[in-house]
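Below is one structure, written out as structure tokens; the observations come after it.
Computed from a predicted model, the values in this text were never measured in an experiment. Both counts, for ligands and for their atoms, begin at 1 and track the order of listing. By convention here, the first residue in the shown sequence is residue 1.
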Amino acid sequence: MTDLHTTYLGLPLRSPLVASASPLTGHLESLLALQRSGAAAVVLPSLFEEEVEEESLRLHDQLETGALSFPEATDFFPALEFDDIGPMRHVKLTAAAKDALSVPVIASINGTTPSGWVHYAQLMQEAGADAIELNLYAVAADPWRSGASVEDGYLEVVRLVRGAIDVPLAVKLSPYLSSTAHFARRVVEAGADGLVLFNRFYQPDIDLDTLGVLPRVELSDSRELRLPLRWIGILRTQLPTTSLAATTGVHSGLDAAKALLVGADVVMMTSALLRHGPAHLTRVEAELVGWLAERDYVSVAQARGSTSHHKATDPAGFERANYLRTLASYRPVQQLPD
Ligand SMILES: Cc1cc2nc3c(=O)[nH]c(=O)nc-3n(C[C@H](O)[C@H](O)[C@H](O)COP(=O)(O)O)c2cc1C
């Protein structure tokens, strides 16, 4: 039997297959289905600071308006589910998931203010989260703010949250950084136990009928795995004791095998699970086990990192030296017109 055990953020896991934040991890029923199908850990949907603040304000406004217009009406209010509003929805889900699941539960935060990041990370820890993932998703569109200043802001958040919680801390990074390896090192120095590479930026589209901006969430495919593959391959040797999670483009057991070979400790999946359902994890695990066994790997630990930048027979493949070779390798699919 192939030994699939791995460790992520210091948490021992039965396999490297983790369900990343998505609507599937937002309900107890689907969380249980993910665990039954083999998810070794789950990341809950992010608590978005602006969203929970807005919900809380709306509730406050409604109560105030009702109470001021008709003081006696408070008696007639239906019992409000305060638990489902604002941050309490996330607290309740985290506590329920912890109660019902035997696998580690990772809570995710996306804040807008330093105090918000810290407060909500503490709240999720108190609710029982085994680890916190900071979802550093922001669009740097301020023409007066330099890349260094944006990155310093992120690092401050990591430092503040690290100082405020005791559970392990992961940071989900954007691929749009000026110097990825430099920033990754500084995030680890600021206190992150693990990096999640990479967040997927959703590009809005334009509706030509309404001339409005359309939010577009398109699911990934396996080709998108190449970006995390390159960076995990490079970072594995630079950050030997940091947990590395591959996210974006893991759809099959073969995709998972590639991510492990470059040095990932775990692979995270969303699109494939949304497309095929939680049971898809069973197929991914079987394919991964089959591939490892075929190549005589007895464990995930043995396979991990064998193709990282440092160990690769062709390390240039990860870097610029490969750029020219890659361009030159293009073959037209058909004859170009004269
Ligand atoms: C509908 C949807 C909701 C998502 N919600 C979150 C979220 O709340 N927090 C987060 O960090 N990532 C979120 N993600 C991103 C996923 O966790 C994942 O990183 C991304 O989809 C890339 O992985 P994949 O290629 O396996 O889909 C979401 C993705 C989708 C499609």
Quick check on the 6.0 Å ring-centre criterion: do Y176 and F198 meet it?
no
Answer yes when D265 and R236 have at least one side-chain N-carboxylate O distance shorter than 4.0 Å, and no when they do not.
yes
If we set the cut-off at 4.0 Å for heavy atoms, which region of V43 has an atom near ligand 1: side chain, backbone, both, or neither?
neither
Check each atom of ligand 1 against the heavy atoms of S46 and keep those under 4.0 Å away; list them by number with element.
7 (C), 8 (O), 9 (N), 10 (C), 11 (O)
I'd like to check which ligand 1 atoms, numbered from 1 as shown, lie under 4.0 Å from a non-hydrogen atom of T247.
18 (C), 19 (O), 22 (C), 23 (O)
Under a 4.0 Å heavy-atom limit, does T248 contact ligand 1 with its side chain, its backbone, both, or neither?
both
Spell out, as yes or no, whether a donor-acceptor pair under 3.5 Å connects the side chain of Q125 to the backbone of V167.
yes
Atom indices of ligand 1 within 4.0 angstrom of P23 heavy atoms, with elements
1 (C), 2 (C), 3 (C)
Shortest protein contact, atom 26 (O) of ligand 1 (heavy atom only):
T270 N, 2.9 Å
Sub-4.0 Å atoms of ligand 1 with respect to non-hydrogen atoms of P45
8 (O)
Location of contacts on E224 toward ligand 1, heavy atoms closer than 4.0 Å:
neither
For G249, the atoms of ligand 1 under 4.0 Å from one of its heavy atoms are 24 (P), 25 (O)
Short list, please: which atoms of ligand 1 are under 4.0 Å from a heavy atom of M269?
26 (O)
Can you tell me how far apart CD (E294) and OG1 (T2) are? Round to the nearest 0.5 Å.
11.0 Å
With a 3.5 Å cut-off and no angle check, do the side chains of S220 and H251 form a donor-acceptor pair?
yes
Looking at S220, which atoms of ligand 1 are within less than 4.0 Å of one of its heavy atoms?
24 (P), 25 (O), 27 (O)
Please compare A246, P228, S222, A21 and report which has the shortest non-hydrogen distance to atom 4 (C) of ligand 1.
A21
Residue, atom name and distance, where the atom is the protein heavy atom closest to atom 30 (C) of ligand 1:
Y202 OH, 3.7 Å
Could E189 and R159 be called an ion pair, given the rule that one side-chain N must be under 4.0 Å from one carboxylate O?
no
Pair D152 + R145, salt bridge at N-O below 4.0 Å
no
Taking atom 19 (O) of ligand 1 as the point of reference, which of K172, E133, M268 owns the nearest heavy atom?
K172
Considering the heavy atoms of V217, write down every atom of ligand 1 situated less than 4.0 Å from one of them.
31 (C)
